[in-house]
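Beneath this line is the structure, given in structure tokens, with notes to follow.
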Number of protein chains: 2
Amino acid sequence: MDTKEKISHSDKKVPDDSRCPMTDFINIVSGKWAIPTLYRLIITDDIIRFGSLQRGIGGITQKELTKQLRTFESLGIVSRQEYPEMPPRVEYRITELGKTLKPTLDSLAQWMTEHRDELLANSRNNAS
Amino acid sequence: MDTKEKISHSDKKVPDDSRCPMTDFINIVSGKWAIPTLYRLIITDDIIRFGSLQRGIGGITQKELTKQLRTFESLGIVSRQEYPEMPPRVEYRITELGKTLKPTLDSLAQWMTEHRDELLANSRNNAS
DNA sequence: CTCTTTAGTATCCATTTGGAACCTACTGTT
DNA sequence: AACAGTAGGTTCCAAATGGATACTAAAGAG
């Protein structure tokens with residue numbers, strides 16, 4: 001079958017800005033360890049070393065924490081200060097840009113907190 | 001090496017409610033087609049049939065749309081009305097619960113819109 | 001001389017996610 | 001008789017994600 005996109009008569013057009021800000025936002029904070037890492041950095045609100053961050057998050061491997069921190073760093077959400085010592089010392093810190101995420105993340109949390117019971121009730125009913 | 005979790009002296013304790021509302025929220029709206037699907041349903045704000053929804057989203061396969069709709073349905077975010085006709089007819093619609101997501105999603109979009117330029121500038125600088 | 005510490009890399013492997021292409025059922029149309 | 005249209009289900013496959021483990025460098029402690 002061909003994959004021609006047939007637009008039916010009843011399909012209403014909708015403004016389609018292909019770079020969707022919601023999707024872009026979700027891409028930043030999705031991934032198994034993004035929120036735990038970000039949360040730790042935000043509530044610490046101070047320099048924190050790699051090892052301490054890893055223990056604070058709990059369960060994250062070095063590989064994943066490094067990858068997540070690199071991502072956040074490239075976005076300017078966290079800063080990274082490396083000291084040329086041995087054993088190595090690297091200090092991470094949430095940036096001002098990173099801190100601006102807090103109110104938005106709080107609103108996510110608030111929605112979830114407000115609707116958790118309803119969601120659970122629905123899930124139970126539909127799990128026939 | 002053993003995997004004992006050694007808590008160092010400098011690790012400040014943080015309230016660790018293991019069911020994190022932020023993570024739970026993100027789990028609902030992550031996945032490649034969650035936001036596009038939800039967005040279509042919210043702005044339509046009316047009944048919409050499977051095929052029309054699929055064409056409206058654009059690029060999503062039947063399999064993925066079905067899976068996403070089942071997920072939303074089980075959470076009570078969308079409703080599904082099936083008519084025993086041939087050819088089949090199924091009408092989807094955003095629920096009242098689903099609509100309450102809009103302000104929160106708007107706040108995501110707003111953060112992204114406000115900070116997109118800064119994020120892009122950071123990415124370019126760090127892409128050495 | 002060996003062990004420990006730190007912040008990573010590198011490898012391998014298992015799981016998850018998502019896309020392409022097929023199939024169905026029943027009716028209406030040509 | 002063949003084909004289109006709808007809302008999926010099913011199978012196979014490729015890519016992305018994530019976990020476990022081993023390895024590194026250089027200094028200090030015992």
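Here the structure is a predicted model, which means the values were calculated and not measured. Naming convention: chains lettered A, B, ... in sequence-line order (proteins, then strands); numbering from 1 in each chain.
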Practice task
Verify, without hydrogens or angle tests, whether A/Thr113 (side chain) and A/Ala109 (backbone) share a donor-acceptor contact under 3.5 angstrom.
Solution key: yes
Exercise for the section: Go through residues 64-83 of chain A and report each residue with a non-hydrogen atom lying under 4.0 Å from DNA chain C, sorted by number. Expected result: A/Thr66, A/Arg70, A/Arg80
Practice task
Tell me, please, which residues at least two apart from A/Glu114 pass salt bridge (charged side-chain N to carboxylate O under 4.0 Å, His left out).
Solution key: none
Completion exercise
With five pairs defining each end axis, the helix from C/dC1-D/dG30 to C/dT30-D/dA1 comes out bent, to 10°, by 30°
Fill in the blank from the handout: Applying side chain to side chain donor-acceptor pair (under 3.5 Å) to A/Trp111 and not counting sequence neighbours gives A/His115, B/Thr100
Practice task
Could you note down all residue pairs passing ring-ring contact (aromatic ring centres under 6.0 Å, His included) where residues 76-101 of chain A supplies at least one of them, sequence neighbours left out?
Solution key: none
Side-chain donor-acceptor pairs under 3.5 Å in residues 20-28 of chain A, sequence neighbours left out?
unit_1	atom_1	unit_2	atom_2	d
A/Asp24	OD1	A/Arg19	NE	3.3
A/Asp24	OD1	A/Arg19	NH2	3.0
A/Asp24	OD2	A/Arg19	NE	3.3
A/Asp24	OD2	B/Arg116	NH2	2.1
A/Asn27	ND2	A/Thr23	O	3.4

Fill in the blank from the handout: Between A/Met86 and A/Lys63, the residue closer to the 5' end of DNA chain C by nearest nucleotide is A/Met86
Exercise for the section: In whole angstrom, give the distance that lies between atom CH2 of B/Trp33 and atom C1' of C/dG18. Expected result: 10 Å
Practice task
Quickly work out the A/Arg55 CZ to C/dA7 C1' distance and round it to whole Å.
Solution key: 12 Å
Problem - Gap between atoms CD1 and P, on A/Ile60 and C/dA7 respectively (whole Å) - result: 14 Å
Exercise for the section: Can you run down the salt bridge (charged side-chain N to carboxylate O under 4.0 Å, His left out) pairs that involve residues 99-112 of chain A, sequence neighbours left out, and say none if there aren't any? Expected result: A/Asp45-A/Lys99, A/Glu96-A/Lys99, A/Lys102-A/Asp106
Fill in the blank from the handout: Closest heavy-atom pair, A/Gln54 versus A/Thr61, reported as atoms and distance to 0.1 Å, is NE2-C, 3.7 Å
Problem - Rounded distance (Å) that lies between atom C1' of D/dT17 and atom NZ of B/Lys32 - result: 15 Å
Practice task
Please report, rounded to the nearest Å, how far the P atom of D/dT6 is from the CZ atom of B/Phe50.
Solution key: 11 Å
Handout entry: Side-chain N,O (B/Tyr92) to OP1/OP2 (D/dT6) below 4.0 Å
Key = no
Handout entry: A/Arg49 side chain near C/dT6 phosphate (N/O to OP1/OP2, under 4.0 Å)
Key = no
Handout entry: Gap between atoms CD and C1', on B/Glu91 and D/dG8 respectively (whole Å)
Key = 16 Å
Sequence neighbours left out, cut at 3.5 Å: what donor-acceptor pairs do the side chains of residues 68-77 of chain A make with other protein atoms?
unit_1	atom_1	unit_2	atom_2	d
A/Thr71	OG1	A/Lys67	O	3.0
A/Ser74	OG	A/Thr71	O	3.0

Exercise for the section: List for me each residue that meets salt bridge (charged side-chain N to carboxylate O under 4.0 Å, His left out) alongside B/Lys63, sequence neighbours excluded, and say none if there are none. Expected result: none
Exercise for the section: Starting from C1' on C/dT6, measure out to CD1 on A/Ile47 and report it in whole angstrom. Expected result: 15 Å
Exercise for the section: Indicate whether any N or O donor in one side chain lies under 3.5 Å from an N or O acceptor in the other, for B/Ser79 and B/Thr95. Expected result: no
Problem - 5' priority, DNA chain D, between A/Pro88 and A/Gln62 [closest heavy atom] - result: A/Gln62
Practice task
Please report, rounded to the nearest Å, how far the C1' atom of D/dA26 is from the CZ atom of A/Arg89.
Solution key: 15 Å
Completion exercise
The side chain to side chain donor-acceptor pair (under 3.5 Å) partners of B/Thr104 (sequence neighbours excluded) come to none
Exercise for the section: Could you check which residues of residues 22-31 of chain A get a heavy atom under 4.0 Å from DNA chain D? Sort them by number, please. Expected result: A/Gly31
Practice task
Apply side chain to side chain donor-acceptor pair (under 3.5 Å) to A/Glu82 and list each qualifying residue two or more places apart in sequence or on a separate chain.
Solution key: A/Arg80
